Engineer: 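Quick one: structure below, then a few questions.
By convention in this document, chain letters (A, B, ...) are assigned in the order of the sequence lines, proteins followed by strands, and residues within each chain are numbered from 1. Fair warning: this is a prediction, and the values are worked out from it, not measured in the lab.
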Amino acid sequence: SQTIHQWPATLVQPVGSPLSLECTVEGTSNPNLYWYRQAAGRGLQLLFYSVGIGQISSEVPQNLSASRPQDRQFILSSKKLLLSDSGFYLCAWSVLTGGNSPLHFGNGTRLTVT
Amino acid sequence: AQTVTQSQPEMSVQEAETVTLSCTYDTSESDYYLFWYKQPPSRQMILVIRQEAYKQQNATENRFSVNFQKAAKSFSLKISDSQLGDAAMYFCAYRNLNTGKLIFGQGTTLQVKP
C-alpha cells in the first residue's frame, strides 16, 4: 500500500533562518506531488505541484521554493523565513493519471516563525 | 481560473439529525472532478466523497451524499444521522483534469451537538 511521510511534525524557526520540509511517498511511481499551506482556521492554499522529477509549478509568488530531486521526494525550502510563512504545511500525492483519484495527504508540519 | 466558494464558515447540527453543507465553484471546463474532504482536530485530511462531473447520478457513501447541480455549479454535501465524530472542518475541492491541481474552498466548520 502507498504511504506518505512528511517531517518534521512541528518546527519553530526564527525570522531570516532557512527552511527545509521533506515529503516522501512509498508504494507508487510517478505520483503527482503537492505542497499546500493552511493558515489558522482557513482553507488550503496550493503552493507548488509537480508532475515529474525537476518539474515544478508555482502557484503564488512567495518566499518559498520547491524541488523534486527524486521521483517520490518533494522538498519545500526557503532561504530566509518571514513571519508570514507561519502556518500548517501539507504535502500530498495522487496518481499521475485519472482525475478522480483523490489527493492523499501527509500529517502536516506546523511551522511557527518567531 | 477556477475558484471554489463555501459560504458557510460555521454550521451546527443536533446529533442524529441531517445537515447540508454548501459549495459552489466556477470553471469554464466541461469535465472535472469534485471532492469533499474532512479535517478533524488532528488536522489529518480525510476524503469523504467524490463526484465525476460527467455523471448525473449523485455520489453516495454511507451517511454522506452529494447534490451535484452542474448547470448551477453547485456541489453540496448532506450528512445524515449526524454523529459526534462528524465534527470537523469540511472542505469542498475542484480538480482540474489537465493539470491535476486540486483547488479548495475556505472550509465549513461543523459542530455536532449531543
Side-chain angles (χ1 to χ4, degrees), chain A residues 2-6 8-11 23 25 28 30-52 55-60 66 68 74 87-112, chain B residues 1-10 21 23 25 27 29-55 59 61 66 68 75 88-111:
Chain A
Q2 302 91 356
T3 56
I4 179 169
H5 303 281
Q6 185 182 343
T10 305
L11 191 60
C23 173
V25 180
T28 188
N30 300 320
N32 278 0
L33 295 171
Y34 306 82
W35 278 111
Y36 284 88
R37 177 169 61 197
Q38 183 179 26
R42 303 290 301 277
L44 278 72
Q45 179 188 35
L46 179 62
L47 301 176
F48 301 95
Y49 72 98
S50 172
V51 298
Q55 301 179 59
I56 310 293
S57 295
S58 174
E59 289 299 296
V60 294
R68 184 171 177 173
F74 206 25
F88 189 64
Y89 289 81
L90 284 158
C91 180
W93 74 273
S94 71
V95 297
L96 188 59
T97 56
N100 71 341
S101 61
L103 266 63
H104 306 276
F105 288 84
N107 290 329
T109 296
R110 186 184 305 276
L111 172 66
T112 304
Chain B
Q2 294 92 6
T3 58
V4 179
T5 302
Q6 293 179 248
S7 59
Q8 306 153 314
E10 297 179 356
L21 308 183
C23 172
Y25 57 94
T27 183
E29 302 291 329
S30 60
D31 201 10
Y32 47 86
Y33 292 90
L34 299 166
F35 302 83
W36 278 98
Y37 278 84
K38 168 185 176 181
Q39 187 182 42
S42 67
R43 303 197 81 170
Q44 177 67 41
M45 294 292 288
I46 301 167
L47 176 68
V48 175
I49 199 166
R50 75 186 91 173
Q51 173 80 42
E52 293 88 343
Y54 63 85
K55 289 187 177 179
E61 289 286 343
V66 298
F68 174 48
F75 183 60
M89 197 161 188
Y90 286 81
F91 292 98
C92 177
Y94 166 98
R95 187 167 201 187
N96 183 302
L97 289 189
N98 293 325
T99 64
K101 294 192 298 183
L102 196 64
I103 308 299
F104 286 87
Q106 289 300 299
T108 297
T109 299
L110 177 66
Q111 180 186 23

Engineer: With a distance cut-off below 6.0 Å to the six-membered ring centre and an angular limit of 45° from the axis, does B:Arg43 pair with A:Phe88 as a cation-pi contact?
Structural biologist: yes
Engineer: Pick from B:Gln6, B:Gln106, B:Met89: which one has the most heavy-atom pairs with chain A under 4.5 Å?
Structural biologist: B:Gln106
Engineer: Tell me whether the rings of B:Phe75 and B:Trp36 are parallel (<30°), tilted (30 to 60°) or perpendicular (>60°).
Structural biologist: parallel
Engineer: Counting only non-hydrogen atoms closer than 4.5 Å, does A:Leu46 touch chain B with its backbone (N, CA, C, O), its side chain (CB onward), both, or neither?
Structural biologist: side chain
Engineer: With only heavy atoms counted, which part of B:Gln39 is less than 4.5 Å from chain A, the side chain, the backbone, both or neither?
Structural biologist: side chain
Engineer: Give a yes or no on whether a salt bridge exists between B:Arg50 and B:Glu61, defined as a side-chain N under 4.0 angstrom from a carboxylate O.
Structural biologist: no
Engineer: Against chain B, label A:Gln38 side chain, backbone, both or neither, depending on which of its atoms sit under 4.5 Å from a heavy atom there.
Structural biologist: both
Engineer: I want to check something: taking the side chain as every heavy atom from C-beta on, are B:Leu102 and A:Tyr36 in contact at a cut-off of under 4.5 Å?
Structural biologist: yes
Engineer: Check whether any side-chain heavy atom of A:Phe74 sits under 4.5 Å from a side-chain heavy atom of A:Ile56, and report yes or no.
Structural biologist: yes
Engineer: What part of B:Tyr32 gets within 4.5 angstrom of chain A, counting heavy atoms only: side chain, backbone, both, or neither?
Structural biologist: neither
